[in-house]
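Worksheet: the structure to be examined is printed underneath.
Order of the sequence lines sets the chain letters (A, B, ...), proteins ahead of strands, with each chain counted from 1.
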2 protein chains.
Amino acid sequence: MVSMDDPQPLDRVARIQADWRRERPDIDIAPQGVIGRLHRLADQLTEELCLVYGRYGLSEGEFDVLCALRRAGEPYERAPGELAAHTMVTTGAMTKRIDRLERAGLVTRRRSDDDQRGRIVALTRPGRELIDRAFTDHMRNERRLLDLLTPAETQALEGLLTTWLSRVENPRPSDSK
Amino acid sequence: MVSMDDPQPLDRVARIQADWRRERPDIDIAPQGVIGRLHRLADQLTEELCLVYGRYGLSEGEFDVLCALRRAGEPYERAPGELAAHTMVTTGAMTKRIDRLERAGLVTRRRSDDDQRGRIVALTRPGRELIDRAFTDHMRNERRLLDLLTPAETQALEGLLTTWLSRVENPRPSDSK
DNA sequence: GCATATTAGCTTCCATGGAAGACAATATAT
DNA sequence: ATATATTGTCTTCCATGGAAGCTAATATGC
């Protein structure tokens, strides 16, 4: 006889779906099974990742900026506008992030030579060393979280996310909202 | 001869990975392929979903609160603490959301009879009608986004997300951070 | 060459949420 | 019964980001 224990307790999303099916039987709430869980998972992962950023005294936004500078390669410099574009925030938000990082001594800010409007943000030596350590730790953390799936599952998931993302970002012109 | 056009241009995440491979060849950045895209996709989907909330004059948080009340079923009432738990925010944040919804005439707030500390938040008639229309539209929107995948892809994705989510939320005790 | 437009970064103001504590009501222990 | 602990909500303060506008510098059109 097969064990009937642990009947896979409904997760949060499934419970919400059950509520809706009772209250609005006229609506197909199947999409929530995917979109709701994707958001929930993203939130959970963010929470786990922020634990590591915090160990280095960084917020997620600050970590992102330091990564963008480090990824740029020697001499680890970028304009604020570039950083804003890379990290998907407005230039106003970027100004404030740079303010904080500058105050912490992790980056410097100077005027660009060829365009006096522009600034150049550069990693300092301590900033470079901090992000190198933090990023190493960060990727170890992501690896740990990803290892909750098997390699086959991981590969399948990456493919599905890549496909969906490309279609969301580049909608076929025929789709209407 | 097979067409060699459109060599699947690197997406944002792939470009970031390429940068890291050059700068930090010692680190395995494969997990970003999944985690980075998952976050990117979550952000994109949120943006699309917020367009619909906005049509009804609602922010995402306000939409969530109205949904939680509507899902509760007749008479569409819940305590602020319950709402906070359901929508994953602190009670302080919930107080402010309820303030806004109350000001908009979509919910009412009264003292609980059996516990004078407690409040009861209830959907008003206009609130009920608004969320019924908004939710219908919202699910149509989620359906549109999900239909960018095939049914087989959708099913596979939901399974993978459910599996991963359950493991992230209920880590095996042997896993260490 | 000068007037106008554009650009880059910054500033200000607003929206939202978290953290911590205040406050009142209720539960618990003796 | 009363002192203490807990609970539920709200308040205050702070952190962060967006939107819009400001300023200085550069580009463009005539």
Practice task
Calculate the interatomic distance between B:R111 atom CZ and D:dT7 atom P; express it in whole Å.
Solution key: 19 Å
Problem - Residue whose closest nucleotide on DNA chain D lies nearer the 5' end, B:G118 versus A:R100 - result: B:G118
Problem - B:E62 side chain, from C-beta outward: closest of C:dA25, D:dG18, C:dT16 - result: C:dT16
Exercise for the section: Answer with yes or no whether B:R119 presents, from its side chain, a donor or acceptor under 3.5 Å of a partner atom in the base of D:dT9. Expected result: no
Practice task
Round to the nearest Å and state the distance from A:Y53 atom OH to D:dT16 atom C1'.
Solution key: 16 Å
Handout entry: Between P of C:dT12 and CG of A:D99, the distance in whole Å
Key = 12 Å
Exercise for the section: State which of D:dA19, C:dG9, C:dA25 makes the closest approach to the side chain of A:T90. Expected result: D:dA19
Problem - Any N/O donor-acceptor pair, B:R117 side-chain to D:dT7 base, under 3.5 Å - result: yes
Fill in the blank from the handout: Rounded to whole Å, the NZ-P distance (A:K96 to D:dA15) equals 12 Å
Exercise for the section: Can you tell me the distance, in whole Å, between the CG atom of A:D114 and the P atom of C:dA8? Expected result: 12 Å
Exercise for the section: Could you check whether B:R109 gets within reach of a base, just the sugar-phosphate, or nothing at all, counting any heavy atom under 4.0 Å? Expected result: sugar-phosphate
Handout entry: Side chain of A:Q116 - closest among C:dG9, D:dA25, D:dT9
Key = D:dA25
Problem - B:D115 CG - C:dA27 C1' separation (whole Å) - result: 10 Å
Problem - Pair A:R40 + A:D11: basic N to acidic O under 4.0 Å - result: no
Fill in the blank from the handout: Checking C:dG18, C:dT16, C:dT11 against the side chain of B:S59 (C-beta onward), the nearest is C:dT16
Practice task
Specify the separation, in whole Å, of atom CZ of A:R97 and atom P of D:dA15.
Solution key: 16 Å
Exercise for the section: State whether B:D147 and B:R143 are salt-bridged, where the test is any N-O pair (Lys NZ or Arg NE/NH1/NH2 against Asp/Glu carboxylate O) under 4.0 Å. Expected result: yes
Fill in the blank from the handout: Here the distance between atom C1' of D:dG8 and atom CZ of B:R110, to the nearest Å, is 16 Å
Practice task
Name the nucleic acid region contacted by A:G81, choosing base, sugar-phosphate or nothing; use a 4.0 angstrom heavy-atom cut-off, strictly under.
Solution key: sugar-phosphate
Exercise for the section: Could you check A:T91 against A:D113 and say which one's nearest nucleotide on DNA chain D is further toward the 5' end? Expected result: A:T91
Problem - side-chain contact (heavy atoms from CB on, under 4.5 Å) partner of A:L161, the single match among B:L157, B:I35, B:V13 - result: B:L157
Handout entry: Electrostatic pair A:E129-A:R133, nearest N-O below 4.0 angstrom
Key = no
Practice task
Can you spot which of B:L123, B:I131, B:L101 makes a side-chain contact (heavy atoms from CB on, under 4.5 Å) with B:L69?
Solution key: B:L123
